[in-house]
Amino acid sequence: MKELDYGKVGMRIRQVRKAKGWSQEELAKKCGISMSFLGHIERGTRIMSLDTFVNLCIALHAEADELLWGVACASDGRLVDIWGQPGKKNTDSYSMYVRIMKSVAEIMNEV
């Protein structure tokens, strides 16, 4: 199983953010995190929660695989298509998805 390189994940987040012409402050506000924490994420010095990662994917309109592994996958939809706009994520499907992903992460850490 591939091990996640948080430095590379952060670099990809920074690349997508800069490609959109956004400052760290703009992206941090869109995701509900501090600019300082976003800086740590982009440098790979802190590990973000799954909720923060989902919010980054939504804000950047980026696929999880693209940010995690650098693999752009052709999918039928994006996270935005599933949950709508940020701030309107309090749906049952969002909560279920987060619970599933947390369970998967726990299982993978046990292996």
Side-chain angles (χ1 to χ4, degrees):
M1 180 168 103
K2 284 176 28 178
E3 189 160 324
L4 207 54
D5 183 330
Y6 292 100
K8 288 182 180 178
V9 172
M11 177 192 67
R12 291 183 199 106
I13 290 169
R14 179 184 296 121
Q15 287 173 338
V16 175
R17 174 182 59 79
K18 286 186 172 190
K20 292 184 175 298
W22 294 348
S23 66
Q24 282 186 330
E25 183 178 14
E26 288 175 286
L27 180 56
K29 282 182 183 177
K30 290 176 187 288
C31 295
I33 60 175
S34 72
M35 192 172 73
S36 172
F37 185 49
L38 178 59
H40 280 288
I41 291 169
E42 289 187 351
R43 289 188 302 279
T45 56
R46 289 228 185 125
I47 298 172
M48 69 195 112
S49 70
L50 182 60
D51 287 337
T52 298
F53 180 69
V54 168
N55 287 335
L56 283 165
C57 289
I58 291 169
L60 294 169
H61 299 290
E63 298 289 338
D65 282 348
E66 176 185 354
L67 297 179
L68 291 174
W69 310 110
V71 176
C73 64
S75 67
D76 293 332
R78 296 174 182 233
L79 294 174
V80 173
D81 296 333
I82 296 171
W83 300 309
Q85 298 301 312
K88 295 184 180 178
K89 64 181 185 181
N90 294 327
T91 65
D92 290 336
S93 63
Y94 174 81
S95 298
M96 182 184 308
Y97 178 78
V98 169
R99 286 194 311 270
I100 290 168
M101 292 309 296
K102 285 180 180 179
S103 297
V104 168
E106 289 173 7
I107 291 168
M108 292 177 77
N109 285 331
E110 293 175 5
V111 175

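Source: prediction; values computed, not measured. One-based numbering along the sequence shown.
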Fill in the blank from the handout: Sequence neighbours excluded, the answer for side-chain contact (heavy atoms from CB on, under 4.5 Å) partners of Leu4 is Tyr6, Val9, Leu68, Trp69
Handout entry: Straight-line distance of Leu60 CG to Trp22 CH2, nearest 0.5 Å
Key = 5.5 Å
Handout entry: Validation row: Leu27, Ile33 side chains within 4.5 angstrom (heavy atoms)
Key = no
Handout entry: Atom of Gly39, atom of Gln24 and distance for their closest heavy-atom approach
Key = CA-NE2, 3.5 Å
Problem - Residue list, salt bridge (charged side-chain N to carboxylate O under 4.0 Å, His left out) with Arg12, at least two apart or on another chain - result: none
Practice task
State which residue, out of Asp51, Asn55, Ile58, fulfils the side-chain contact (heavy atoms from CB on, under 4.5 Å) condition with Cys31.
Solution key: Asn55
Practice task
For Cys57 and Ala64, work out which heavy atoms get closest and say how close.
Solution key: SG-CA, 4.0 Å
Problem - Straight-line distance of His61 NE2 to Lys20 NZ, nearest 0.5 Å - result: 5.5 Å
Practice task
Check Ala28 against Leu38 and note the closest heavy-atom contact, atom names and distance.
Solution key: N-CD2, 3.8 Å
Practice task
Could you check Arg14 against Arg43 for side chain to side chain contact (heavy atoms under 4.5 Å, CB included), going step by step and ending with a plain yes or no?
Solution key: CA-CA 9 Å; Arg14 179 184 296 121; Arg43 289 188 302 279; 3.9 Å; yes
Exercise for the section: Using a strict cut-off of less than 4.0 Å between a Lys/Arg side-chain nitrogen and an Asp/Glu carboxylate oxygen, indicate whether Lys30 and Glu26 qualify as a salt bridge. Expected result: no
Completion exercise
Heavy-atom nearest pair, Ile47 first then Phe37, reads O-CZ, 4.2 Å
Completion exercise
Here the gap from His40 atom NE2 to Glu42 atom CD, rounded to the nearest 0.5 Å, amounts to 11.5 Å
Completion exercise
Rounded to the nearest 0.5 Å, the CG atom of Leu67 sits from the CD1 atom of Ile41 at a distance of 11.0 Å
